Amino acid sequence: MTDDQDAGAMRFIFEAGVLKRAARTGWWFAGVKQPESIAEHSFRTALIGMMLAAMEAADPARVSMLCTVHDTQETRITDIPHIAKRYLTAAPNTAVTADQVAGCPPPVVDVITAAVAEYEAGETLEAVVARDADKLECLVQAVEYRHQGIDNVQRWIDSSRTALKTASAQRLADAALNGQPLAWLTPPPQE
């Protein structure tokens, strides 16, 4: 490794930090004034992915990694709302990622570009589970917003629910739709 490659890795790390400040802009259409950040979405997507992987007999570590990097490109192309995609053509996520990690050490380039390519191809069990985690996180966020009084979220719930592929994700979606976001505050009954 060289000092330049270390600096390149640090550039990517700094760039990824922008995701902590970048909003998930599609929620503005539903009336959410301050939606969660892309990093917040990615964090919970990785947790959901780990859980779904365990439920679907996929590799939880691989799925969590795919979930962690699935939106890193949005530092450069932003979180383009679904309706905007009708009118805009963004560079493929694999091309954006290649630019983002170009100055990193070769092993870093290899691991990140392979993960993004796998996620984008959507062909492995891990990629299918990671994509389900992304959609399920959106559904869960919509349910939470609805419980906070934002009533215009049904289209996000419906499109996310329809996109789910695995039986485990479908079951968790049903549990989210029938659950209460703050139910975890009540201790379970003692046996």
Side-chain angles (χ1 to χ4, degrees), residues 12 16 19 22 24-27 35-86 88-98 100-101 107-145 153-179 181:
F12 181 69
L19 298 173
R24 301 247 308 150
T25 57
W27 293 117
E36 80 279 12
S37 72
I38 296 164
E40 290 166 323
H41 161 71
S42 294
F43 170 75
R44 187 159 59 178
T45 299
L47 287 175
I48 292 169
M50 176 180 56
M51 294 170 68
L52 285 176
M55 296 167 77
E56 290 289 326
D59 179 349
R62 184 73 181 167
V63 171
S64 290
M65 183 171 66
L66 298 181
C67 292
T68 300
V69 299
H70 86 282
D71 278 342
T72 53
Q73 307 78 19
E74 292 181 10
T75 60
R76 297 190 181 200
I77 59 172
T78 73
D79 178 37
I80 302 170
H82 185 70
I83 192 158
K85 292 179 181 181
R86 291 185 196 170
L88 301 173
T89 304
N93 283 344
T94 52
V96 176
T97 299
Q100 288 176 308
V101 299
V108 172
V109 172
D110 292 346
V111 75
I112 293 174
T113 57
V116 170
E118 180 178 350
Y119 181 87
E120 292 299 320
E123 295 172 356
T124 65
L125 175 59
E126 285 72 18
V128 170
V129 170
R131 287 168 166 266
D132 269 7
D134 179 42
K135 296 303 181 188
L136 184 56
E137 200 288 326
C138 185
L139 182 145
V140 169
Q141 186 64 63
V143 167
E144 289 173 336
Y145 284 146
V153 296
Q154 193 61 45
R155 72 177 51 238
W156 283 266
I157 291 170
D158 294 343
S159 65
S160 296
R161 179 69 174 87
T162 300
L164 298 175
K165 305 285 188 228
T166 64
S168 298
Q170 292 167 4
R171 288 193 315 273
L172 289 180
D174 291 342
L177 293 169
N178 295 315

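It should be emphasised that the depicted structure is a prediction, and the values quoted were computed from it without experimental measurement. Residues: numbered from 1 along the sequence shown.
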Extract all donor-acceptor atom pairs below 3.5 Å that involve side chains of residues 90-98 and protein atoms in other chains or at least two apart in sequence.
from	atom 1	to	atom 2	distance (Å)
N93	ND2	E120	OE2	3.0
T97	OG1	Q73	NE2	2.9
T97	OG1	N93	O	2.9

Any side-chain heavy-atom pair from [X] and [Y] closer than 4.5 angstrom?
X    : Y   : result
L47  : M50 : yes
D132 : E56 : no
L172 : M55 : yes
C138 : W27 : yes
P35  : H41 : no

So, for [X] and [Y], which heavy atoms are closest and what is the spacing to 0.1 Å?
X    : Y    : answer
L177 : V143 : CD2-CG2, 3.8 Å
G26  : W156 : O-CZ2, 3.2 Å
A169 : L164 : O-CD1, 3.5 Å

Exactly one of V63, V128, V129 clears side chain to side chain contact (heavy atoms under 4.5 Å, CB included) with L52, and that residue is V129
Flag, side chain of E118 to backbone of L66, donor-acceptor distance under 3.5 Å: no
Main-chain N/O of T72 paired with Q100 side-chain donor or acceptor, under 3.5 Å: yes
In terms of relative ring orientation, are Y119 and H70 parallel, tilted or perpendicular, with 30° and 60° separating the classes? tilted
CA sep, side-chain torsions, deciding dist, call: R44, Q141, side-chain hydrogen bond (donor to acceptor under 3.5 Å, both in side chains): CA-CA 10 Å; R44 187 159 59 178; Q141 186 64 63; 3.1 Å; yes
Atom CE of M51 with >12 non-hydrogen neighbours under 6.0 angstrom: no
